[in-house]
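In what follows, a single structure is set out as structure tokens and then discussed.
Here is how names work: the chains are called A, B, and so on, in the same order as the sequence lines, proteins then strands, and each is numbered from 1.
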Amino acid sequence: MINLKCHVGIGPRVEGEALVADDNFSARYDLDRINGVFSRPQHKLAGQSYVDRILVLNTAKGGVASAWMLHEMKSRGIAPKAILFNAANTILAQGAALADMTMCDRFVDGDVTTLIRTGDRLVVDPEAGLVTITNR
Amino acid sequence: MKLTHEERAMLAGEMSEPVRWAIDHQLKVGRMFDAVDLVPVSQSHMMADPESVGDAGVDFMERLADQGARVAIPMITDPRGVDLDYYRPLGQTEEMADIDRRTIAACERMGILMTNTCINYQTVMSPVLGDHVAFGDTGVVIYTNSVCGARSNYEGGPSALAAGLTGRTPRYGLHLDERRRATRRFRVEAQPRELTDWGVLGAVIGRRAGSYWEVPFIEGIDVVPTSDDLKHFGAAMASYGSIPLFHIEGITPEAPSADAIGADALDIERVTEADLDALRSGFGSPGDKVDVVVFAAPQLSLVEMQQLARYSEGKRFVSPVIVCTSPQVYADAMRMKLVEALEAAGAKVLQGTCFYNQYAREIGEANGWTRLLSNSAKIVNILGGYGYQPALASMQRCVDSAMAGEIV
């Protein structure tokens, strides 16, 4: 079991499987939101499903419009379970607050995209600012 | 977070359910960004285009309106996704128009003023130095912070709505003095001369600075820019770099000098003609075919409308030309026969929309448009992600190209 300390985040405590890339996240330009996959060909997760996964990425990109998008994705049940960033941006954090989607960032031990590996089982507790890797 | 007596009552649901939702939302966001308290704001501005809001977002706003939500401060809106007087010819569907109709109805019930503009600082009510506001639209926020010296974070639609309902916003980021100090220092060695030059300069600095928490200080500008110049400059900088605030020495109100804003100790980074040319070179060259010419992002001011009408006078466009302006400017431009002049040349003037957030992908597919030409450095950046091959040229060259059907 590995504990990773981060900043206090947003949303409920969740458990799930990690999908990790050293890349960024734009709800508007990186995703096929209907089918729940990363669609921008240049994205490191291109072709992979994000549905019910805990995404682990570097930072959030995109304009003000993306604040509505997590809520819209979650309302159709085609959404990630949580998103962990090295650094979230203000817009996506606001979007997570509306969607009640779990989001954390600013990890004390360094680059979260190397600390966590795809397939890791995670428990994310935003209130405590704590992410636990349970399979290692 | 420290709450006043009134704010605690809001959170306890003593005002109304929409106000409870709003302040709860603000506390969640505020905690994530270490806000100590909430700051009263004088205005709120919401981006709620149907493409990003979706059915779920409209349901949400309708529910708030059903629960009796009323805004506590003047609250205005960013461009809509559909010009309800002209959408079928663009290939927009009834479904798209319906989402917008429902959004408008819900917003009106909450007392929101449907200004549908991203140039509210030119047309509605410009904030003043030290004014705290909650504005959406990155172009609006960067202009408000930088040129007006007012204070706003990027407030996404839900957060702008929350601010409208409580009359406050979490005090983090650009509301704090320490976040407004310069972090990068750029010396401009190539003078911008017209709108597109300003956009390109903003794009180069935005791309280099590249983060919401960077504040560029810019020196070496030897002209006094107009509001339209700075509009294109800021919109491009925000688009390429998520930058919400810049200072220009001797021009913007918080930066009479480098030391006034903490830039004197920073290393100087040069911005040269070669840097500007490098950015331009990614966006088309003479002889390229043009499927559509777009003037938007940000919406055109009355002055830009007049400029464009003058260039277009007596001309006949071969390529489709779309012009987006605010409903406020549109009314004036109608009265002054600028719309007539533009449409006589073959352009179509839309009101209350802005091309990139009015289902640009679907419009492109419906009309077979991929090679798009614009004088906006912002729009050519965005539309690459929507299946277009965008090209950039000055307003005059865009007009000449629209007559030739290719970039001249």
Side-chain angles (χ1 to χ4, degrees), chain A residues 6-12 24 26-34 39-43 58-79 83 85-106 126-127 129, chain B residues 21 24-34 45-61 78 81 118 135-141 153-162 170 172-174 210-213 238-239 242 244 356-357 361 378 381-382 384-386:
Chain A
C6 61
H7 196 276
V8 169
I10 283 173
N24 301 319
S26 163
R28 191 160 195 158
Y29 298 118
D30 289 343
L31 309 182
D32 173 346
R33 297 195 300 276
I34 305 301
S39 59
R40 190 166 59 85
Q42 297 81 12
H43 199 281
N58 185 36
T59 190
K61 292 280 185 190
V64 170
S66 35
W68 290 105
M69 287 180 180
L70 297 180
H71 176 254
E72 195 277 332
M73 287 156 64
K74 197 169 168 183
S75 75
R76 289 182 290 108
I78 301 178
I83 312 181
F85 288 116
N86 280 316
N89 70 357
T90 57
I91 293 299
L92 218 66
Q94 295 163 9
L98 176 69
D100 201 27
M101 184 184 289
T102 303
M103 186 174 291
C104 291
D105 76 340
R106 284 163 282 174
E127 194 73 23
Chain B
W21 165 77
D24 179 63
H25 173 89
Q26 295 181 319
L27 295 184
K28 283 176 182 165
V29 174
R31 284 182 64 203
M32 182 134 175
F33 293 104
D34 302 312
H45 172 258
M46 175 171 66
M47 184 170 198
D49 63 297
E51 186 179 344
S52 51
V53 169
D55 267 324
V58 185
D59 288 347
F60 173 76
M61 284 188 274
D78 212 34
C118 55
F135 280 179
D137 192 304
T138 59
V140 169
V141 172
N153 286 308
Y154 287 170
E155 300 274 12
S159 291
L161 183 53
Y172 66 91
L174 279 302
S211 149
Y212 189 75
W213 306 108
S239 178
S242 294
Y356 74 92
N357 66 4
R361 185 192 297 276
K378 171 176 175 162
N381 182 39
I382 297 175
Y386 268 9

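- Among B/Phe60, B/Trp213, B/Trp21, the residue with the largest count of heavy-atom pairs under 4.5 Å with chain A is B/Phe60.
- Both the backbone and the side chain of B/Tyr154 have a heavy atom closer than 4.5 Å to some heavy atom of chain A.
- Note on B/His25, B/Glu155, B/Lys28: by heavy-atom pairs under 4.5 Å with chain A, the leading option is B/His25.
- Neither the backbone nor the side chain of A/Met73 comes within contact range of chain B, judged by heavy atoms closer than 4.5 Å.
- Residues A/Ala88 and B/Met32 come closest through the heavy atom pair CB-CE, 3.9 Å.
- Using a 4.5 Å cut-off between heavy atoms, B/Gln26 does not touch chain A at all.
- Of the inter-residue distances, the one linking B/Met61 atom CE with A/Trp68 atom CH2 reads 4.0 Å to the nearest 0.5 angstrom.
- Between B/Thr138 and A/Val64, some side-chain heavy-atom pair lies under the 4.5 Å cut-off.
- Of the inter-residue distances, the one linking A/Ile10 atom CD1 with B/Leu27 atom CG reads 11.0 Å to the nearest 0.5 angstrom.
- If you tally non-hydrogen atom pairs under 4.5 Å between each of A/Arg106, A/Arg33, A/Arg76, A/Arg40 and chain B, the highest count goes to A/Arg106.
- Across B/Ser211, B/Gly54, B/Gly173, B/Gly157, the residue that shares the most heavy-atom pairs under 4.5 angstrom with chain A is B/Gly157.
- B/Ala48 touches chain A through backbone and side chain together, each having a heavy atom under 4.5 Å away.
- Contact of A/Asp100 with chain B is made through the side chain alone, with heavy-atom distances under 4.5 Å.
- A side-chain donor-acceptor contact under 3.5 Å links A/Gln94 to the backbone of B/Gly156.
- B/Asp34 contributes atom CG, which lies 3.0 Å from atom NE2 of A/His7 (distance to the nearest 0.5 angstrom).
- Scored by the side chain to side chain contact (heavy atoms under 4.5 Å, CB included) test, B/Asp49 finds A/Arg28, A/Ala65, B/Met47, B/Glu51, B/Ser52, B/Asn357 as partners (sequence neighbours excluded).
- Summarising the geometry, atom CD1 belonging to A/Ile91 is positioned 7.0 Å from atom OG belonging to B/Ser159; distances are rounded to the nearest 0.5 Å.
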